[in-house]
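Counting starts at 1 for both ligands and their atoms, in listed order.
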Amino acid sequence: MASITQLGYLGLSVSDTAQWEQFAATVLGLQPNGREPDGSLFLRMDEYHHRFILHPTGKNDLAYIGWEVATEGAMNEVADQIRQAGFAVTPGTSEEADARRVAGLVKFADPSGIQSEVFYGPLVMYDQPFQSPRRISGFKTGPLGLGHFVAWMDDFERTLHFYRDVLGMRVSDFVRFSPAPGIKMNVAFLHCNPRHHTMAFAAMPRAPKRLHHFMLQLESLDDVGATYDLCQAHEVPIVMKLGKHTNDHMLSFYLRTPSGFNVEYGWGAREVDDSTWQVQVHTAGSIWGHQGNL
Ligand code: FE2
C-alpha cells in the first residue's frame with residue numbers, strides 16, 4: 001500500500017493575518033513569503049516555498065492538512081485507498097495546485113470532516129535560501145516534514161483506522177490518563193517518517209477548536225531557550241513552561257498564538273526506526289516540567 005511521507009503544509013483560518021505575520025516573524029522565526037490577491041499569507045521555515053498558508057477567513061482553527069507523497073503515482077494510489085475506504089476524493093484542478101505551489105493534489109475530508117489534501121511536487125527554493133527574521137539556527141524539517149499537529153477528533157477508532165489503515169501511518173504510542181475523576185483520555189500518536197509523531201489526536205466531538213497545537217522543532221536547544229526568554233520579555237502568553245515529553249523526549253514549551261490555539265516550540269526529540277520500534281503506552285505526558293494549562 002502507498003503511504004504519505006510527511007506533513008507538507010498546514011492551512012490555517014485566522015482573523016488577523018497582519019497580527020499573525022508579526023507574531024510568526026518576530027516570535028516563531030518563520031519567514032513571511034508573500035501573499036495571494038485574497039490576502040492569504042505564506043510562511044516559510046525551510047527550502048519549501050511555504051509550510052503554512054494563513055487565510056483571512058476568521059475561524060481561528062485548522063483549515064486543511066497537506067499530506068505529501070513522493071510521486072504522482074503514489075498520490076493516485078493513496079487516492080484509491082481513500083475511495084476504497086468509502087470516502088469521496090476530488091482531483092485538484094491545476095488552479096488549485098498552482099495556489100498551493102505543488103505539481104498536483106487530490107482533496108478529501110477525513111472522518112471528522114477536516115479538509116485534507118494529498119499532494120506531490122512542492123515548490124522548493126534552494127535558489128532563495130530560507131532566512132529566519134530571528135537569529136535562530138533554524139527548523140528541523142526535511143524528510144521529517146513540517147513538524148506535528150494535535151487535533152480533537154469526533155471518534156477515536158474511526159480516526160485511528162483512517163490514518164493508520166488508509167493513509168498508511170504507523171502508531172508510535174498512546175498516552176492514557178485521567179484529566180478528572182471518572183474521565184479517561186486516550187491520545188494516539190502516529191508517525192509516517194522518523195519523526196516520532198506527525199499527528200496525534202484524542203476524541204472530543206464538540207471541541208471548540210479542532211487544532212490543539214502544532215509543533216515546530218528547532219535545530220538548537222539555544223533557539224528554544226532564547227525564544228522562551230523572548231516570550232517572557234514581550235509578554236507572549238506561555239501556556240506550558242519548559243518540560244520534556246515522555247514519548248518523543250522533546251524538550252519544549254507551549255505558547256499561545258493570536259488565534260487561541262498553541263504552538264509547541266521544541267528541540268531534541270528522539271526518532272522512530274520502524275525496523276525496531278515497538279508501540280508503547282504512557283500514563284503521563286511529561287517526564288518533568290510543562291507546568292501550566294493548555
Ligand atoms: Fe506536541
Under a single-linkage rule joining Ile, Leu, Val, Met, Phe, Trp and Tyr whose side-chain heavy atoms are separated by less than 4.5 Å, which residues share a cluster with Val272? Trp277
Protein-derived N, O or S atoms lying less than 2.8 Å from the Fe ion (ligand 1), waters not counted, sum to 3
Below 4.5 Å, heavy atoms only, C-beta onward: do Met125 and Glu47 meet side chain to side chain? no
Residues in ring-ring contact (aromatic ring centres under 6.0 Å, His included) contact with Trp267, at least two apart in sequence or another chain: none
My understanding is that only residues two or more places apart in sequence, or in another chain, count here; which of them pass ring-ring contact (aromatic ring centres under 6.0 Å, His included) with Phe52? Phe214
Taking every heavy atom of His196 against every heavy atom of Ser172, the minimum-distance pair comes out as O-OG, 2.6 Å
Looking at the rings of His213 and His148, which for Trp means the six-membered one, are their centres under 6.0 Å apart? yes
